[in-house]
Amino acid sequence: MKQSFEIKICGINDQISMNAAIKNSVDYIGLVFYNKSPRRLSITNAKFLIKNRTNISKIVALTVNPEDDFLHKLIKNIKPDFIQLHGEETPKRCKIIKEKFNIPIIKGIGVEKDMNLKNFIKPYEEICDILILDAPSKELPGGNGKKFNWEILKNYKSQKKWMLAGGLNIKNISDAVDITKPPAIDISSGLETNKGVKDPQLIKNFVLKCRNL
């Protein structure tokens, strides 16, 4: 069976890993604009990184509880294909951002082991373009290398595209895909040698493995 899901690599923050992501034609490249993240980028640095962007790899700007002024500056300078909201944004806030800035929204949601997934997610499904189902964390809002119980998503159906995230790596991606059958996956720390430092060879190997699943 060949790959039937899209690949998003998040937390790209240097030219070498950006080149690796583009060369391997990943579907989404996530750039982190959150000051507390070890993968954070300034808008100036991000502008340099995306000079070789392609139509194949969509640029996703990850933000956490962003103010409108920052979003305006970010969108004006980076022109991302998506804004990712990975904080405590409500469905109402997601709708305001989507309509005000006329841009597709990706919303990150922490999956609790005992949560009523369908009811909690439904309001976001009606507004956001893509959902990221991630492991909840009190540390960083993403990229912590922690997984959750994938069995929760075994029979999950969504009216919108969704991405599986949280603790994915080259060793467990096969099991993750077998259990959850995701339309897309989102990986960050699983492609790093040190926190915030991506490995271009690992990016290549991971993408190749995904395409042969």
Side-chain angles (χ1 to χ4, degrees), residues 3 5-64 66 70 74-75 77-87 104 106 108 130 132-135 137 139-147 163-174 176-177 182-213:
Q3 175 196 336
F5 55 92
E6 294 180 324
I7 300 170
K8 174 174 177 279
I9 297 180
C10 197
I12 294 290
N13 60 1
D14 65 83
Q15 196 65 61
I16 293 174
S17 57
M18 174 63 88
N19 291 345
I22 291 173
K23 184 177 181 180
N24 288 282
S25 300
V26 301
D27 300 283
Y28 306 88
I29 295 173
L31 308 179
V32 177
F33 299 93
Y34 178 56
N35 288 335
K36 295 182 181 179
S37 172
R39 305 165 187 95
R40 65 187 176 276
L41 278 171
S42 67
I43 289 177
T44 300
N45 288 340
K47 284 178 73 173
F48 178 76
L49 283 186
I50 63 173
K51 282 184 177 180
N52 295 322
R53 70 193 295 177
T54 68
N55 292 328
I56 295 172
S57 301
K58 305 299 184 186
I59 300 297
V60 179
L62 185 155
T63 62
V64 177
F70 178 73
L74 180 62
I75 292 168
N77 285 277
I78 305 303
K79 296 180 175 58
D81 298 289
F82 295 86
I83 289 292
Q84 179 175 332
L85 302 172
H86 217 88
I106 299 176
I130 301 175
I132 293 179
L133 304 186
D134 199 355
S137 175
E139 303 166 20
L140 293 173
N144 295 292
K146 296 179 180 178
K147 62 188 284 286
M163 298 182 177
L164 177 67
L168 298 177
N169 56 53
I170 198 165
K171 294 180 180 178
N172 66 22
I173 187 61
S174 181
V177 169
I185 60 100
D186 184 9
I187 183 170
S188 182
S189 62
L191 298 177
E192 294 177 348
T193 51
N194 292 298
K195 202 156 194 173
V197 182
K198 295 287 189 294
D199 183 334
Q201 187 61 48
L202 196 48
I203 289 174
K204 179 181 178 180
N205 293 346
F206 180 81
V207 173
L208 286 174
K209 179 160 187 176
C210 287
R211 288 184 176 147
N212 285 292
L213 289 178

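Heavy-atom basis, side chains included; hydrogens, waters and symmetry copies ignored. This one's a predicted model, so the numbers in the text were calculated from it and none came from an experiment.
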Validation row: C210, I173 side chains within 4.5 angstrom (heavy atoms)
yes
To the nearest 0.5 Å, atom OH of Y34 lies from atom CG of L41 at 15.5 Å
Just do the side-chain contact (heavy atoms from CB on, under 4.5 Å) check on L62 and F33 with the steps written out, would you?
CA-CA 6 Å; L62 185 155; F33 299 93; 5.8 Å; no
Is it the case that the side chain of D186 and the backbone of L164 share a donor-acceptor pair, with hydrogens and angles ignored and the cut-off at 3.5 Å?
no
Between D81 and R53 (salt bridge meaning N to carboxylate O under 4.0 Å), is one present in this structure?
yes
Would you say K198's side chain and L191's backbone share a donor-acceptor pair under 3.5 angstrom?
no
Run the numbers on L31 and N13 for side-chain contact (heavy atoms from CB on, under 4.5 Å), then give the verdict.
CA-CA 7 Å; L31 308 179; N13 60 1; over 6 Å; no
In Å, rounded to the nearest 0.5 Å, how long is the span from CG of N77 to CD1 of I43?
5.5 Å
From CG (L49) to CE (M18), nearest 0.5 Å
5.0 Å
Less than 4.5 Å apart, any side-chain heavy atom of D134 and any of H86?
yes
Between I78 and K47, is the side-chain contact (heavy atoms from CB on, under 4.5 Å) condition met? List the steps.
CA-CA 6 Å; I78 305 303; K47 284 178 73 173; 3.7 Å; yes
Would you confirm whether S188, through its side chain, and C10, through its main-chain N or O, come within 3.5 Å as a donor-acceptor pair?
yes
Could you tell me whether the side chain of F5 reaches within less than 4.5 Å of the side chain of L213, counting heavy atoms only?
yes
Drop me the distance from I16's CD1 to D199's CG, to the nearest 0.5 angstrom.
10.0 Å
Are L85 and I106 close enough that some pair of their side-chain heavy atoms sits under 4.5 Å apart?
no
Judged by atom type as modelled, is there a donor-acceptor pair below 3.5 Å linking the side chain of S17 to the main-chain atoms of D14?
yes
Please check if the side chain of T63 supplies one atom and the backbone of Q84 the other of a donor-acceptor pair under 3.5 Å.
yes
Contact check, side chains of K8 and I132, non-hydrogen atoms, under 4.5 Å:
yes
Heavy-atom donor-acceptor pair, N52 side chain to N19 backbone, under 3.5 Å
no
List the steps, then state whether side-chain contact (heavy atoms from CB on, under 4.5 Å) holds for I56 with D27.
CA-CA 6 Å; I56 295 172; D27 300 283; 5.6 Å; no
With distance as the sole test, does S57 use its side chain to make a donor-acceptor pair with the main-chain N or O of V26 at under 3.5 Å?
yes
Indicate whether the side chain of Q15 and that of K51 have a donor and an acceptor atom separated by less than 3.5 Å.
no
Should we count CG of L208 as having more than 12 external heavy atoms under 6.0 Å?
yes
CD1 (I59) and CZ (F82) are apart, to the nearest 0.5 Å, by 11.0 Å
How long is the gap from CG on N24 to CZ on F206, to the nearest 0.5 Å?
11.5 Å
N172 side chain vs L168 backbone, donor-acceptor pair below 3.5 Å:
no
Closest heavy-atom pair and its distance - A176, P182
O-CD, 4.4 Å
I'd like to know whether CZ of F48 has more than 12 heavy-atom contacts from other residues, nucleotides or ligands below 6.0 angstrom.
no
Do any N or O atoms from the side chain of K58 and from the backbone of G30 form a donor-acceptor pair under 3.5 angstrom?
no
Neighbour count >12 (heavy atoms, 6.0 Å) for atom NZ, K209
yes
